2 protein chains.
Amino acid sequence: MEAKSLLQQVEFIKEIDKLKYIQRKTKLFNSDRCENDAEHSWHLAMMTIILAEHANQPINVLKVLKMVLIHDIVEIDAGDTFIYDTTKSHDNTEEELLAAKRIFGLLPADQAKEFIEIWIEFEEGITEEAKFARSMDRFEPLLQNTSNNGGTWAEFDVSYDKVYNKKKAIEKGSSAIWKYAENLINESVKKGILKK
Amino acid sequence: MEAKSLLQQVEFIKEIDKLKYIQRKTKLFNSDRCENDAEHSWHLAMMTIILAEHANQPINVLKVLKMVLIHDIVEIDAGDTFIYDTTKSHDNTEEELLAAKRIFGLLPADQAKEFIEIWIEFEEGITEEAKFARSMDRFEPLLQNTSNNGGTWAEFDVSYDKVYNKKKAIEKGSSAIWKYAENLINESVKKGILKK
């Protein structure tokens, strides 16, 4: 049995290599090179470890790490949806659920179940862990765009209101980080890299 | 104080973006594109979560995750050293220690101390967590090379003995994974993608 589960686990480890090919719209810091989902997931994991102390409520850091490390794996099948895309919902789609079942389904049954549940918990955003994980997912591109002269805001002509409303979700995970983020958004308007 | 620590943490988060530019010798699965350190670190973190059950001894998964997520950050200053490089030691160098102090030193003092200690623990490879983290670091490129017709073994003319001796460290973290890995190495010889 153990040998069988290791074989299944290795198949999954090979399959998720494809995350390194999924390009996001957001660029690396001070760069015009797009970030890919694996790099993004690593960065969110680092942010989680470093910023966990600012969470509104005590959080299980290991669970948040699992969430941010796997949250975009469904995009191997479903592709990346730009957060300001007005033609396609960024929320938990049928396509993403099918992807979760196929990809996590490569794992032994107990792990497949755990990963699908953690992914759904992240998508629902109700638990403290999911709220914090989602705040990391919103905070990273904010830091990138402000270090890139507006980045995707400038590139796709995204307005202050849209940015502010999307980023406000950071507050659910951490009021302290939201306070910092809100200042950053307002400073971006003053600097002329975000249009009000 | 909290505001100050958040500012320091954000500076660190920006700095470590540079890990995405550090190219490894090893290629992505079924690809000729080099993997970068951020992608590699993400993959090791995923492998840690999935394979932890095969550890020889019970391990603190959160600690192993911290290890694999940060283990290559020193390469931002010190660069990547190819494991089969015969001109430069891959072990904990003075250059890497300086890098650890500079980069982790951007964080608030308590976190800087924790990260430097975790990185040293990983490098020393004595604790169960370090042994398992290091086994992940050896196992990923083995999977990549076998999926790439020999990959860096073929490219840099690395012999069976060298591969076997380096990979044997996997056993310290997990006998079960080493058994699988040893088979993979022997099969590679049979397939002609690794020279004995």
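Model, not experiment: these values are computed from the prediction. Reminder, nothing fancy here: chain letters follow the sequence lines and each chain counts from 1.
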Would you say that [X] contacts [Y] through its side chain, given a criterion of any heavy-atom pair below 4.5 Å between the two side chains?
| X | Y | value |
| --- | --- | --- |
| A/Leu51 | B/Val10 | no |
| B/Leu6 | A/Lys179 | no |
| B/Ser31 | A/Lys20 | no |
| A/Leu7 | B/Tyr180 | yes |
| A/Phe29 | B/Glu15 | no |
| B/Trp42 | A/His40 | no |

So which part of B/Ile16 gets closer than 4.5 Å to some heavy atom of chain A, the side chain, the backbone, both or neither? both
Greatest number of heavy atom pairs closer than 4.5 Å to chain A - which of [options]:
| options | result |
| --- | --- |
| B/Leu107, B/Val61, B/Leu143, B/Leu19 | B/Leu19 |
| B/Asp37, B/Ile70, B/Asn36 | B/Asn36 |
| B/Ser41, B/Pro108, B/Ala38 | B/Ala38 |

B/His43 side chain to A/Ile13 backbone, donor-acceptor under 3.5 Å: yes
Give a yes or no on whether the backbone of B/Ile50 and the side-chain of A/Gln9 come within a donor-acceptor separation of less than 3.5 Å. yes
Can you tell me if CG on B/Asn149 sees more than 12 non-hydrogen neighbours from other groups inside 6.0 Å? no
Within a 6.0 Å radius of atom CG on B/Asp32, are there more than 12 heavy atoms belonging to other residues, nucleotides or ligands? no
Please report the closest heavy-atom contact between A/Ile49 and B/Gln111, naming both atoms and the distance. O-NE2, 4.2 Å
If you compare all heavy atoms of B/Leu69 against all heavy atoms of A/Leu69, which two are closest, and at what distance to 0.1 Å? CD2-CD2, 4.4 Å
